Protein chains: 6
Amino acid sequence: MNRAISLDIPGTRPLSIHTAYLDKVPSALIMQGNTQVLCCASYEDKVPPFLKELKDKRHGWLKAEYSMLPTAGGMQRQQRERNRYNSRNLEIERFIGRALRTVINLKTLGTRTITIDCDVIQADGGTRCASVIGGIIAMSQLFHHLVFEQKMADFPPMKLVSAISVGIRNDQILLDMNYEEDLNADADINIVSDENGKLIEATAFIEGKALDPQTHSEAITMAIDTNLRIISGIKPLMEG
Amino acid sequence: MNRAISLDIPGTRPLSIHTAYLDKVPSALIMQGNTQVLCCASYEDKVPPFLKELKDKRHGWLKAEYSMLPTAGGMQRQQRERNRYNSRNLEIERFIGRALRTVINLKTLGTRTITIDCDVIQADGGTRCASVIGGIIAMSQLFHHLVFEQKMADFPPMKLVSAISVGIRNDQILLDMNYEEDLNADADINIVSDENGKLIEATAFIEGKALDPQTHSEAITMAIDTNLRIISGIKPLMEG
Amino acid sequence: MNRAISLDIPGTRPLSIHTAYLDKVPSALIMQGNTQVLCCASYEDKVPPFLKELKDKRHGWLKAEYSMLPTAGGMQRQQRERNRYNSRNLEIERFIGRALRTVINLKTLGTRTITIDCDVIQADGGTRCASVIGGIIAMSQLFHHLVFEQKMADFPPMKLVSAISVGIRNDQILLDMNYEEDLNADADINIVSDENGKLIEATAFIEGKALDPQTHSEAITMAIDTNLRIISGIKPLMEG
Amino acid sequence: MNRAISLDIPGTRPLSIHTAYLDKVPSALIMQGNTQVLCCASYEDKVPPFLKELKDKRHGWLKAEYSMLPTAGGMQRQQRERNRYNSRNLEIERFIGRALRTVINLKTLGTRTITIDCDVIQADGGTRCASVIGGIIAMSQLFHHLVFEQKMADFPPMKLVSAISVGIRNDQILLDMNYEEDLNADADINIVSDENGKLIEATAFIEGKALDPQTHSEAITMAIDTNLRIISGIKPLMEG
Amino acid sequence: MNRAISLDIPGTRPLSIHTAYLDKVPSALIMQGNTQVLCCASYEDKVPPFLKELKDKRHGWLKAEYSMLPTAGGMQRQQRERNRYNSRNLEIERFIGRALRTVINLKTLGTRTITIDCDVIQADGGTRCASVIGGIIAMSQLFHHLVFEQKMADFPPMKLVSAISVGIRNDQILLDMNYEEDLNADADINIVSDENGKLIEATAFIEGKALDPQTHSEAITMAIDTNLRIISGIKPLMEG
Amino acid sequence: MNRAISLDIPGTRPLSIHTAYLDKVPSALIMQGNTQVLCCASYEDKVPPFLKELKDKRHGWLKAEYSMLPTAGGMQRQQRERNRYNSRNLEIERFIGRALRTVINLKTLGTRTITIDCDVIQADGGTRCASVIGGIIAMSQLFHHLVFEQKMADFPPMKLVSAISVGIRNDQILLDMNYEEDLNADADINIVSDENGKLIEATAFIEGKALDPQTHSEAITMAIDTNLRIISGIKPLMEG
């Protein structure tokens, strides 16, 4: 079940994916350029309080948690979230959670909460998109595990998605920026899209020059196209 | 200086803006349908630690804080953030802060941090966009105050922006959804754009059916158009 | 049900009360001079853990929460309580909660907790007393709502109370001080009393010159008298 | 310097005071009936941020902290405040701090913060008043220490105060209630007064039947009288 | 039941133990040189979540909490743990808890959690070992109380243990160091051992010169011998 | 500089060490059986407040932080420390920090704090000992980096140490237990010792049967011997 692939998608950094990276838990290590994110999937047999009124309907939930090792960004060490929180992390885990919740029908999970932990080992741009890719793979492994353990009758219907960041600099579109490029970009757009080329999530943050809607539209088209290539690359990993 | 206007923008709920709403602090109360957000601008003469190496260059900072009164959403009271945090609030205040930082040149602020507090008195959809509108008005008042107090030489160059939410339901585009509509929408898109019709921020969160990129593009066009109308409506409020 | 009154009580600042200020929740906006406090009443069908042994007896609870918007006091912005607490706020909400709990028989509430949220929009002295006045009005609205929704058989017996602050400066008694006067006073006394002229709560904090017990006694008499006038003014607002 | 006295004040429980109870820090152990509070005084050579603008004027500060050992109230153990807070404790430490700040002229402290730690070893009613008594004794010891160490030129002028609780039950006035009596009282009044019979702080919390102002006035008179007796009892302990 | 003993163990500071020190809760005050620790035992009829799957088996739990009064170490006041934590305290309470859990068979406790609170009144070295001694005495009192109240059928089988610290300085072994000696030692070893001379816990922390294993071994032998003497001294206190 | 070695130490699980595992920060990945710990070393040019009085003496500090990924132990996910803390982690990071501080002379660091972050990717016993081994290697890399960057004149004198756990079960000594073995052991002993066979830290926690001091002594001898073998294995990795 342990498998590693390398994808060479035009315009993006080399993407390596190591599935079943750990022995004890469904997991995927995503390496995209110097970015490394470890995604692990686990579950518990209860749902968060805000869902409990739906309990009879066997409605599940999925959430992501995202964090960086203190030195993921280099020698400028970041404090741990211990006894504190980091609002960028919380924004990102909401991004990942929303994307992955659209992939499945929460009702097929039963009264169960799935958690996708995305821990950034090394950060060099694109960590939230890498987390979506790793998250869907780890989640798929978890479903195979649950079916194998007879805790789920069947592998639940699941849509394939991918995510990629696109930057705009001087009206130029840059796919899959690293940290250095991101710092100098005018806009940072993260796009999650599915195997049918439809949008799942798209967030454009402009940091410099305001963005022409036409350029925005082209960037999204390019990202959707790239996501389709990644999806076709990771498809074989989704099998048990 | 205390002024109230009502705008009637096609396809959106009635928008009333009350500037200089409070006596002691630059402020604007935004009412959009049943949504009410009070935005206040204040400043202190220091910058956050992560900017301190730039201090000699007299580089300023702007941040937003967003919170809801516990009963803003109705009788289902939400806990206060006292001794805790709410990740949705943190996501939204990052959205508002990013938008407002693009409006000005931070270097013109001097070694100063501006805080835009957005407190939701009543929530009925669209609070983050209302906060951007209220925020830019309160900020403008603060600049007039600083010039008047001779703490700033001139009113700093400032771009006008507006924000509006757009929903997609069954491929239909719905401008400025209320809470009820938002609950039932397939996609919730928030668009900040400027007086030249350029994008400042665009976040599309899909909650149901994946979104056709073409529909997404049309929604953004419609939002930009609406924002242009709002900008021309609020322009008179920006004067001292 | 939405109603606004203005009371002109001798020796105090103009007092305006706007009931049913919000659409979604029982509420009252109190304006006393430049002080503005928004009080909202909500409930949940459970009681705090320390009361749970009394559950069978259908014993309810009432608590207040008090907070200030960060800029309520002006441009010297206060940090939000997010991930922290403010001991002055906690002292004040205990003051409000105690006062309002004496007004009703907690056993008539059933297994229910009422929360009175008092959010200070603008602070210019007297906010804790304004919160008691707003709190009793919002609570009364909530009872009307519960009766209307058939969650309560009858409007529970409820005593009318009011609260007012009195300051002492150079042995002079000053009713209803604003912030400036409070800063310079020797003593700050907050008195809650009922429709029969009896005391419900009285807290005298001396900040300067020690207080003659005789003067203290006179201040309380004057406050009780003022509270009787306020009570007769707000009585009409207590009806459905 | 280590000294213990027992006072027999009419109408109150036996009061024993052990000064210089610890070796390493100015301290007083107060035992009143079964209540035991240990008060310790310490200082640091800086003032809190909100006072720093006054630094040039050598203006000091004094604060109290109050806490209970987890089992001070008996086998119903209370959680420690570790990573949390307890609003009753915060209210009480504000009470103690205010009382002790009126006793001295903060300007005589220099740029220094005094902390009075009041830790309740066993709680049986009257802990906040016992803390005021223990606090003033520990503070006086600290001043002797500072003079001895030549960190203060002279023992600063200091007013003697005392505190006592009074309860009202069925219109009867009860001095110095224990926990059992407090539970059943209609009103709980805490009075701090000085060596001239003037009020320093008076807080009346009504828990049951509303209180006749005349009874309140009598209770205060009785408390002031009791405080005068305690003050004359502790006077010898204030010497070095 | 209230009893005080003084033990004079060769090579250690005078050890006084005051059992049933408080009226409301099983307790022991340990004084060892200038160190004073108050240990109290309480219980609740539930077990922590991680044990709940064992509930049917009537499996209990025991934990310790350890804290210092802010001025226990002298005038260099330490901040309270309020809204924070102190990792040294947490390490020490794990030490105490582990030691006391080995003394009893947790299954004899029923579905019950015992908490041993160890509060350091004055700290002068050896507080964690004093806490173990005080803890076992307070625990024994609690068992007598539970038997007396017929909540336990019989006094549970319980092993006697003691704890003592040993320091190494220039290859010299120093029993029961005070704070001053501890600061200058090369190694600080804390040994818990039982009435049979067997080890229960042994932690050697080297702060200076690395420790010869032979010296370590001798230190442990000496500590075990000392613990045997303490155990025989405290044995009479364990009776009801 | 990137180098990987595998050590085959008698009686222990296979130990693989990958130095310079990350690109951006001195780091070592330790794999011991199924245990995986990533250790990273970073620094900042300041010292903690409690050391600041020593600043003139250019005295440095070193601390460790230890945490586990939420699923490091398997599908029974642990909550992140976000807004909370975990006392086991704090105990362990104190263990690691103490061990590494003895290895160097803190005065050679200058006014600098070194942080060793130990993040457990997968936990299967022995994580605290693996962290000491990884920590010393990452620290050595950091020193090479600082010398190369001319921030340190010379590589500071540094002692080699290693750490290993030993368990006792039915009087049998078990080197380097995995999680399963640890659960069933009577004693869990962690020993840090140096290149001269001297002890640096030794903690014996007994969970079951009390431990014969003779067996304890033998376990320590065996651990010291094992540590000497590991030290000779990792020596080549300490070079630049």
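All of these numbers come straight from a predicted model, not from anything done at the bench. To find a chain, count down the sequence lines: A is the first, B the second, and so on, and within it residues start at 1.
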Task: Residue among A:Ile121, A:Thr71, A:Asp117 with most heavy-atom pairs under 4.5 Å to chain F - done: A:Asp117
Open item on the list: Using only atom types and a distance under 3.5 Å, with no angle test, would you say the side chain of A:Ser131 pairs donor to acceptor with the backbone of A:Thr127?
Closed with: yes
Open item on the list: Which one wins on heavy-atom pair count under 4.5 Å against chain F: A:Gly73, A:Ala123, A:Gly74?
Closed with: A:Gly74
Open item on the list: Main chain of A:Asp188, side chain of A:Glu207: is a donor-acceptor contact present, judged purely on distance under 3.5 Å?
Closed with: no
Open item on the list: Closer than 3.5 angstrom, by distance alone: can the side chain of F:Arg101 be matched with the main-chain N or O of F:Leu62 as a donor-acceptor pair?
Closed with: yes
- [ ] Could you have a look at A:Gln76, A:Glu93, A:Glu44 and say which one has the most heavy-atom pairs with chain F under 4.5 angstrom?
- [x] A:Glu93
- [ ] Considering only heavy atoms and a distance below 4.5 Å, find which of A:Thr115, A:Asn89, A:Leu142 pairs most often with chain F.
- [x] A:Thr115
Sequence neighbours left out, cut at 3.5 Å: what donor-acceptor pairs do the side chains of residues 28-39 of chain F make with other protein atoms?
unit_1  : atom_1 : unit_2   : atom_2 : d
F:Thr35 : OG1    : F:Asp124 : N      : 2.9
F:Thr35 : OG1    : F:Asp124 : O      : 3.3
F:Thr35 : OG1    : F:Gly125 : O      : 2.7

Task: Toward chain F, the part of A:Leu69 with a non-hydrogen atom under 4.5 Å - done: side chain
- [ ] Sorted by first residue and then second, give each ring-ring contact (aromatic ring centres under 6.0 Å, His included) pair with at least one member in residues 67-106 of chain F; sequence neighbours left out.
- [x] E:Tyr85-F:Tyr85
